[in-house]
Trainee: 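Structure below; questions to follow.
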Amino acid sequence: TPAERANLAGVRHIVLVLSGKGGVGKSTLSTELALALRHAGKRVGILDVDLCGPSIPRMLRVQDSAVHQCDSGWVPVFVGQDEAIALMSIGFLLERPDDAVVWRGPKKNALIKQFVTDVAWGELDFLIVDTPPGTSDEHISTVEALRPHQLLGAVLVTTPQ
């Protein structure tokens, strides 16, 4: 729908960060990729759809930040003094950062769709999407929600074992 496209209309490239298992460094790679792109002068956002393990707010030292509303939806948290990186994560919506998220698929899928449609990203060169480990409903929901938008590609994080 036009409303769904509006919040991602200013995003030029979307990159998914995936892996088949946990603990391989997806969140670290997502964070470092965003920092490197920002250092290269790009406008960058990170969408953390790792709903059960939202570690990026802690990695970027903004875990105590709050998400606010605007006319077009949620305003992402901006990282750093220069507000160089926009970030949205379920970590900002929990009462305590270490709270467990124990949700069934439909509730997770609805939040992912809401993250895609209801976050006011503004103008970004890159949106990095940090996904949970494995190949679950969250991945399918994320790809389906992003289908109308230009996905640049994916980074598959692996280990040599």
Side-chain angles (χ1 to χ4, degrees), residues 1 3-40 42-60 62-63 65 67 72-80 83-94 101 103 105-159:
T1 67
E4 289 179 7
R5 292 178 187 245
N7 281 333
L8 285 174
V11 177
R12 292 185 52 214
H13 305 292
I14 300 171
V15 178
L16 297 175
V17 178
L18 310 148
S19 78
K21 61 180 278 205
V24 298
K26 285 178 304 304
S27 296
T28 300
L29 189 129
S30 295
T31 302
E32 291 297 327
L33 180 58
L35 291 168
L37 288 166
R38 180 62 194 140
H39 185 72
K42 305 297 182 189
R43 295 165 299 184
V44 183
I46 304 174
L47 175 56
D48 183 2
V49 295
D50 188 350
L51 304 182
C52 295
S55 57
I56 293 182
R58 180 171 286 143
M59 288 180 167
L60 292 173
V62 291
Q63 67 268 21
S65 299
V67 171
S72 48
W74 286 333
V75 177
V77 169
F78 292 95
V79 178
E83 299 186 340
I85 297 174
L87 171 62
M88 177 52 75
S89 172
I90 192 173
F92 301 129
L93 306 176
L94 302 173
V101 177
W103 290 354
K107 194 167 182 180
K108 288 180 180 180
N109 297 344
L111 182 63
I112 289 168
K113 183 172 170 85
Q114 191 171 9
F115 274 169
V116 169
T117 59
D118 293 350
V119 177
W121 293 105
E123 297 291 322
L124 295 178
D125 294 307
F126 290 92
L127 178 63
I128 309 300
V129 183
D130 184 49
T131 66
T135 53
S136 63
D137 280 349
E138 287 102 318
H139 300 90
I140 296 167
S141 295
T142 301
V143 170
E144 285 178 355
L146 291 170
R147 184 169 286 145
H149 308 283
Q150 292 287 352
L151 280 175
L152 179 62
V155 176
L156 184 61
V157 183
T158 64
T159 61

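By convention here, the first residue in the shown sequence is residue 1. What's counted below: heavy atoms across the whole structure, side chains too, no hydrogens, waters or symmetry copies.
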Trainee: Provide the full list of salt bridge (charged side-chain N to carboxylate O under 4.0 Å, His left out) pairs with a residue in residues 6-16, sequence neighbours left out, each pair given once.
Mentor: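 Qualifying pairs: R12-D125.
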Trainee: Can you check side-chain contact (heavy atoms from CB on, under 4.5 Å) on L60 and V77, steps first, answer last?
Mentor: CA-CA 11 Å; L60 292 173; V77 169; over 6 Å; no
Trainee: Looking only at atom types and distance, does a side-chain atom of R58 sit under 3.5 Å from a main-chain N or O of V62, one as donor and one as acceptor?
Mentor: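 Answer holds: no.
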Trainee: Tell me, please, which residues at least two apart from W74 pass ring pair (Phe, Tyr, Trp, His ring centres under 6.0 Å).
Mentor: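 For W74 the ring pair (Phe, Tyr, Trp, His ring centres under 6.0 Å) partners, ignoring immediate neighbours, are F115.
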Trainee: How would you list, by chain and number, every residue that makes a side-chain hydrogen bond (donor to acceptor under 3.5 Å, both in side chains) with S30, sequence neighbours excluded?
Mentor: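 For S30, the residues satisfying side-chain hydrogen bond (donor to acceptor under 3.5 Å, both in side chains) (neighbours in sequence not counted) are D130.
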Trainee: Could you tell me if the side chain of S55 sits less than 4.5 Å from the side chain of T28, heavy atoms only?
Mentor: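 No, side chains not in contact.
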Trainee: Listed by chain and number, what are the side-chain contact (heavy atoms from CB on, under 4.5 Å) partners of A110, not counting sequence neighbours?
Mentor: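 side-chain contact (heavy atoms from CB on, under 4.5 Å) check on A110 returns nothing, list empty.
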Trainee: Restricting to non-hydrogen atoms, name the atom on T142 and the atom on I112 that form the minimum distance, rounded to 0.1 Å.
Mentor: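 Minimum heavy-atom contact is OG1-CG2, 3.5 Å.
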Trainee: Does anything in residues 23-34 form a salt bridge (charged side-chain N to carboxylate O under 4.0 Å, His left out)? List the pairs, not counting sequence neighbours.
Mentor: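 Salt bridge (charged side-chain N to carboxylate O under 4.0 Å, His left out) check on residues 23-34 returns no pairs.
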Trainee: Output all residues satisfying side-chain contact (heavy atoms from CB on, under 4.5 Å) with A154, sequence neighbours left out; order by chain, then residue number.
Mentor: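 side-chain contact (heavy atoms from CB on, under 4.5 Å) check on A154 returns L16, L18.
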Trainee: Hey, is the main chain of L156 close enough, under 3.5 Å, to the side chain of S19 for a donor-acceptor pair?
Mentor: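 Judged by distance alone, no pair lies under 3.5 Å.
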Trainee: Between L146 and L8, is a side-chain contact (heavy atoms from CB on, under 4.5 Å) present by the stated rule, with each step listed?
Mentor: CA-CA 9 Å; L146 291 170; L8 285 174; 3.9 Å; yes
Trainee: Measuring from atom CG of D118 to atom NZ of K113, what distance do you get when rounded to the nearest 0.5 angstrom?
Mentor: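 These two atoms lie 9.5 Å from each other.
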Trainee: What are the two closest heavy atoms between L47 and L127, and how far apart are they?
Mentor: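 Answer, listing the atom of L47 first, then L127: N-CD1, 3.9 Å.
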Trainee: Do you know which two heavy atoms are closest between W121 and I46, and how far apart they sit?
Mentor: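 Scanning both residues completely, I find the closest heavy atoms to be CH2-O, 3.4 Å.
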Trainee: Testing the basics here: between T31 and M59, what is the closest heavy-atom pair and its distance to 0.1 Å?
Mentor: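 Smallest interatomic distance, heavy atoms only, reads OG1-SD, 3.5 Å.
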Trainee: Can you name the residues that form a side-chain hydrogen bond (donor to acceptor under 3.5 Å, both in side chains) with S89, not counting sequence neighbours?
Mentor: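 Residues passing side-chain hydrogen bond (donor to acceptor under 3.5 Å, both in side chains) with S89: D48.
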Trainee: Could you tell me which non-hydrogen atom of N7 sits nearest to which non-hydrogen atom of S72, and how far apart they are?
Mentor: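 Closest heavy-atom pair between N7 and S72: ND2-O, 2.8 Å.
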Trainee: With sequence neighbours excluded, tell me which residues meet side-chain contact (heavy atoms from CB on, under 4.5 Å) with L33.
Mentor: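 Once residues adjacent in sequence are excluded, the partners of L33 under the side-chain contact (heavy atoms from CB on, under 4.5 Å) criterion are L37, I128.
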Trainee: Sequence neighbours left out, what passes ring pair (Phe, Tyr, Trp, His ring centres under 6.0 Å) with F92? Give chain and number order.
Mentor: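 Partners of F92 by the ring pair (Phe, Tyr, Trp, His ring centres under 6.0 Å) criterion come out as none, since no residue qualifies.
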